[in-house]
2 protein chains.
Amino acid sequence: MKLQKLTKQRKNEEKRRYEDACGVALALELIGERWAPLVLRELMFGPRRFSELRADLPGISANVLTQRLGELEERGLVRKTQLPPPASVQVYEATPWGLEAAPVMRALGKWAVRSPRHNPGQFVSAVSIMMSMQTMFDASRAEGLSGRIGFRLGSLGFVAEIRDGTFSAQRGDPDDADVVFTGEPGQVAGVLYGGAPLEIVDVTGDRSLAKRFVTLFPLPPKVD
Amino acid sequence: MKLQKLTKQRKNEEKRRYEDACGVALALELIGERWAPLVLRELMFGPRRFSELRADLPGISANVLTQRLGELEERGLVRKTQLPPPASVQVYEATPWGLEAAPVMRALGKWAVRSPRHNPGQFVSAVSIMMSMQTMFDASRAEGLSGRIGFRLGSLGFVAEIRDGTFSAQRGDPDDADVVFTGEPGQVAGVLYGGAPLEIVDVTGDRSLAKRFVTLFPLPPKVD
DNA sequence: CCGTATCCAATAAGATACTG
DNA sequence: CAGTATCTTATTGGATACGG
């Protein structure tokens, strides 16, 4: 029975290939399945657990997540690893090549967001919002600015740094930053992109830095 | 009956949305369906007819092509237009915003092609091969080079220009170029990327320019 | 809690034939 | 040529149950 399934699956994979030497077609074979790019996105700031992925991809079912992770693994984009003791939990992490898809995904998102269909009121994950900052950061608005900005988004911590007109972000302890935003990712998105007042998130530390910070991420103009 | 179908389709679209404000998720809703990016790719050098698209997307079925074109149109990526007389045939063309996806698609292809799964022996369309040149062009190898290179790929003509370390290409009459490559796209791909001898394609004009030209497109190193 | 396995209903894709 | 219509097959997601 299992063998039958494997056979069937292989046949499907063969059938569903594009048989096209174009890199775009290959990309679709690698990460073209439903949910696959979003799973990869969630790994762009470091390893995550199955349940975290599930929580940050609302709508995906456990079996589809299992399947996608398996496919991404066999294609060399994701690795299944064990976190060092004492945690010793199993996590999924993007391979170096998988991580190299990040700039492409950011460019794709930046392109798509010009659609009139973009609805900023929907759910966003912590990773999404951090990636969006990397994507939308406008160096010209950060002239002369530098500082470390911490984020506590649900259970994940990040630290961003602005210096010399560059923006960088990685996971880390937000507490050793000049200012810390704490809240759900959607609230931070509201402040950054929805014109919501700073008060809807918890801000501790250098409040004037926070006020300036939230102006650095202009959305591209809509088409249509 | 038609009304029923429309209702059903809308429900599906709602169900299959990601409900995620992330730009990547939106991109998937716009061009995430099977074949959609390849359909758009085929329009990146100008309008095409239904039958051309079908021919250059081997494996797509007519009904799926119809459906994708309709979806891309309603999402603002593609327009259905009439070619000016005397041709007066119906064609599909990318909108300006659709065309802006081109650099993203090139970056995606460049990333994907590093996979050990890439098989350069498969079918390539004329548009694919022209896009691949834009993607893989290495300015440092074109030092001091300039010239116009024509392509007659199946029924499509293109003219590329190299000047000051830049590469540009558009559809046009290849005959007023310094050298012209004529053949099937796959043969040109073999010469550019597969190390095949120049002789497998038809080259007319400045042969030494052709010899230099085919060295300008290095493939990125494989992962793994 | 971390997944995996299985079954089911709904849809999407594929193959093929056919029409204006 | 430019698509529709129809039928079959494959994939998806949801529910549920199960093993470590």
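A, B, ... follow the sequence lines: proteins, then strands. Residue 1 opens every chain. These numbers were taken from a predicted model, which means no experiment stands behind them.
Put simply, R68(A) has a side-chain N or O that comes within less than 4.0 Å of OP1 or OP2 on dT12(D). The shortest distance between the side-chain N/O atoms of Y92(A) and the OP1/OP2 oxygens of dG3(C) is below 4.0 Å. Under 4.0 angstrom from either OP1 or OP2 of dC1(C) there lies no side-chain N or O belonging to Q90(A). Side-chain N/O atoms of T66(A) include one lying less than 4.0 angstrom from OP1 or OP2 on dT4(C). In this model, the phosphate group of dG14(C) is approached by a side-chain N or O of R34(B) to a distance below 4.0 Å at OP1 or OP2.
Summarising the geometry, the separation between CG on N63(B) and P on dC1(D) is reported as 18 Å, rounded to the nearest angstrom. We find that CD of E19(B) is positioned 14 Å from C1' of dG13(D), with the value rounded to whole Å. The separation between I60(A) atom CD1 and dT4(C) atom P is 12 Å, rounded to whole Å. Regarding R17(B), its CZ atom lies at a distance of 13 Å from the P atom of dA12(C), rounded to whole Å. Taking atom CG of residue L53(A) and atom P of nucleotide dT4(C), one finds them 12 Å apart after rounding to whole Å. If you measure from atom OH of Y18(B) to atom P of dT12(D), you get 10 Å, rounded to the nearest angstrom. Atom pair Q67(A):CD and dT4(C):C1' shows a separation of 12 Å (rounding to whole Å applied). As rounded to whole Å, 7 Å separates atom C1' of dC1(D) from atom CZ of R49(B).
No side-chain donor-acceptor contact under 3.5 Å links R152(B) to the backbone of G157(B). The backbone N or O of R34(B) lies less than 3.5 Å from a partner atom in the side chain of R68(B), making a donor-acceptor pair. Between the side chain of R75(A) and the main chain of L30(A), a donor-acceptor pair closer than 3.5 Å is present. Counting only distance, with no hydrogens or angles, the side chain of R48(B) and the backbone of E42(B) share a donor-acceptor pair below 3.5 Å. Side chain of W111(B) to backbone of G98(A): no donor-acceptor contact under 3.5 angstrom is found.
The nucleotide whose nearest atom lies closest to any side-chain atom of V64(B) is, among dG14(D), dC1(D), dG14(C), dG14(C). Ranking dT4(C), dA13(C), dT6(D) by closeness to the K80(A) side chain, first place goes to dT4(C).
For the pair A62(A) and W35(A), both in contact range of DNA chain D, the more 5′-proximal nearest nucleotide belongs to W35(A).
Within 4.0 Å (heavy atoms only), R54(A) reaches no atom of the nucleic acid at all. Counting any heavy atom pair closer than 4.0 Å across all strands shown, S51(A) reaches sugar-phosphate atoms only and no base atom.
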